[in-house]
Amino acid sequence: MCGRYAFYDPKEIFEIRMILEEIADIFDDSTVRRIKQGDVFPSETAAVLAQSPKGFRPYPMEWGYPIAGTSQRIINARTETLGEKPMFAGSMAGQKCAVPCTGFFEWKKEGAKSMKYLITLKDTPFFYLGGLYNRFSLREKAFCDRFVILTCKADSQMQPIHNRMPLMILPEQKEEWLSQRQGIPSLIERFEKSPKTLVITSV
């Protein structure tokens with residue numbers, strides 16, 4: 001599960017700064033101000049790179065697909081069962097996204113307490129979380145673009161903390177993830193097996 005991630009220091013990370021500047025060039029000031037920086041929670045507006053027929057571009061989206069008839073949201077999608085879920089069927093055909101972040105959070109039950117951990121990558125100031133997006137027509141808004149973060153089984157580094165982790169994509173891998181040339185299952189397998197060194201810090 002991934003229920004919170006970090007989006008810090010955009011002025012010091014060139015690629016993140018460029019994403020935010022491109023969004024500012026396209027959208028109005030009120031939209032740009034809604035993009036959350038710091039700890040990002042479900043339902044908040046975040047900056048993502050969204051796949052499209054003409055490539056990909058930065059876009060502001062809310063985190064979480066709506067559940068019809070409720071105020072609840074689906075924020076994660078399991079990579080193992082994507083093809084079995086009608087909710088994600090429309091997103092799997094050309095609607096991948098990459099969510100820039102500087103780390104993500106997970107909690108581990110230790111006795112009566114839950115310990116919070118920040119997971120980052122060694123020698124990499126930021127990376128992307130693989131996701132899907134879709135456009136929804138909601139009563140309170142004409143249209144709303146929303147995303148979910150893909151999760152997979154935890155690797156050996158993450159297993160002592162949690163049995164799942166988000167699909168992590170290095171900056172140099174984002175073009176491959178967002179390309180139209182490969183299907184989602186083969187890409188997921190490649191990125192799950194891509195070697196990465198995690199840095200796990202209690203916070």
Side-chain angles (χ1 to χ4, degrees), residues 1-10 13 15-16 18-20 23 35-51 56-65 73-82 88 91-92 95-107 116-134 145-155 157-158 161-179 182 184-185 187-201 203:
M1 168 134 186
C2 179
R4 191 186 310 179
Y5 69 89
F7 185 63
Y8 285 101
D9 299 328
I13 301 173
E15 189 165 336
I16 289 181
M18 293 302 294
I19 289 171
L20 292 175
I23 289 175
I35 294 175
K36 182 66 182 296
Q37 297 183 35
D39 288 11
V40 183
F41 293 77
S43 81
E44 293 183 324
T45 299
V48 306
L49 295 182
Q51 182 187 38
F56 60 88
R57 69 180 178 99
Y59 210 86
M61 294 188 188
E62 288 186 15
W63 184 6
Y65 281 16
R73 298 172 183 241
I74 297 294
I75 63 171
N76 296 151
R78 288 175 171 254
T79 57
E80 305 95 317
T81 58
L82 273 181
F88 306 122
S91 304
M92 291 182 68
Q95 290 179 279
K96 298 192 295 288
C97 65
V99 184
C101 73
T102 51
F104 63 92
F105 299 99
E106 196 52 79
W107 285 258
K116 180 181 177 183
Y117 292 90
L118 172 66
I119 295 87
T120 57
L121 286 178
K122 184 179 180 181
D123 301 324
T124 304
F126 88 105
F127 52 96
Y128 292 92
L129 306 178
L132 300 175
Y133 76 95
N134 212 335
D145 294 302
R146 294 188 175 183
F147 71 94
V148 293
I149 291 173
L150 300 179
T151 66
C152 55
K153 293 180 180 178
D155 64 16
Q157 303 167 89
M158 188 66 188
I161 305 298
H162 201 273
N163 62 359
R164 298 198 66 79
M165 63 190 294
L167 186 68
M168 303 172 73
I169 298 169
L170 297 174
E172 60 268 24
Q173 297 173 322
K174 70 178 185 296
E175 286 87 355
E176 183 178 3
W177 170 249
L178 295 169
S179 76
Q182 296 186 58
I184 285 182
L187 284 171
I188 286 173
E189 184 177 4
R190 165 168 162 68
F191 289 119
E192 284 180 338
K193 293 180 178 178
S194 177
K196 301 174 181 69
T197 301
L198 306 185
V199 179
I200 301 175
T201 309
V203 292

According to ring-ring contact (aromatic ring centres under 6.0 Å, His included), who are the partners of [X], at least two apart in sequence or on a separate chain?
X: Phe126; result: Tyr128
X: Tyr65; result: Phe88, Phe136
X: Tyr133; result: none
X: Phe56; result: none

side-chain contact (heavy atoms from CB on, under 4.5 Å) partners for Thr124, two or more places apart: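 For Thr124, the residues satisfying side-chain contact (heavy atoms from CB on, under 4.5 Å) (neighbours in sequence not counted) are Leu121, Pro171.
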Listed partners of Glu106 passing side-chain contact (heavy atoms from CB on, under 4.5 Å), at least two apart: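 side-chain contact (heavy atoms from CB on, under 4.5 Å) check on Glu106 returns Ile119, Met158, Ile161, His162.
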Ring geometry between Tyr5 and Trp63 (parallel below 30°, tilted from 30 to 60°, perpendicular above 60°):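 Rings of Trp63 and Tyr5: tilted, as their planes differ by 30° to 60°.
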pair Glu15-Pro100: side-chain heavy atoms closer than 4.5 Å: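 The answer is no, as the side chains (C-beta and beyond) never meet within the 4.5 Å cut-off.
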If you compare all heavy atoms of [X] against all heavy atoms of [Y], which two are closest, and at what distance to 0.1 Å?
X: Cys2; Y: Phe104; answer: SG-CB, 4.2 Å
X: Pro125; Y: Thr102; answer: O-CG2, 3.6 Å
X: Thr120; Y: Phe127; answer: CA-CE2, 4.2 Å

Over 12 non-hydrogen atoms of neighbours within 6.0 angstrom of CD in Glu189: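 Counting other residues, nucleotides and ligands, CD of Glu189 stays at 12 neighbours or fewer.
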Lys153, NZ atom: more than 12 neighbouring heavy atoms under 6.0 Å: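 Not buried by this count: 12 neighbours or fewer within 6.0 Å.
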Geometric cation-pi criterion, Lys36 with Phe7: 6.0 Å, 45°: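 Output no; distance or angle outside limits.
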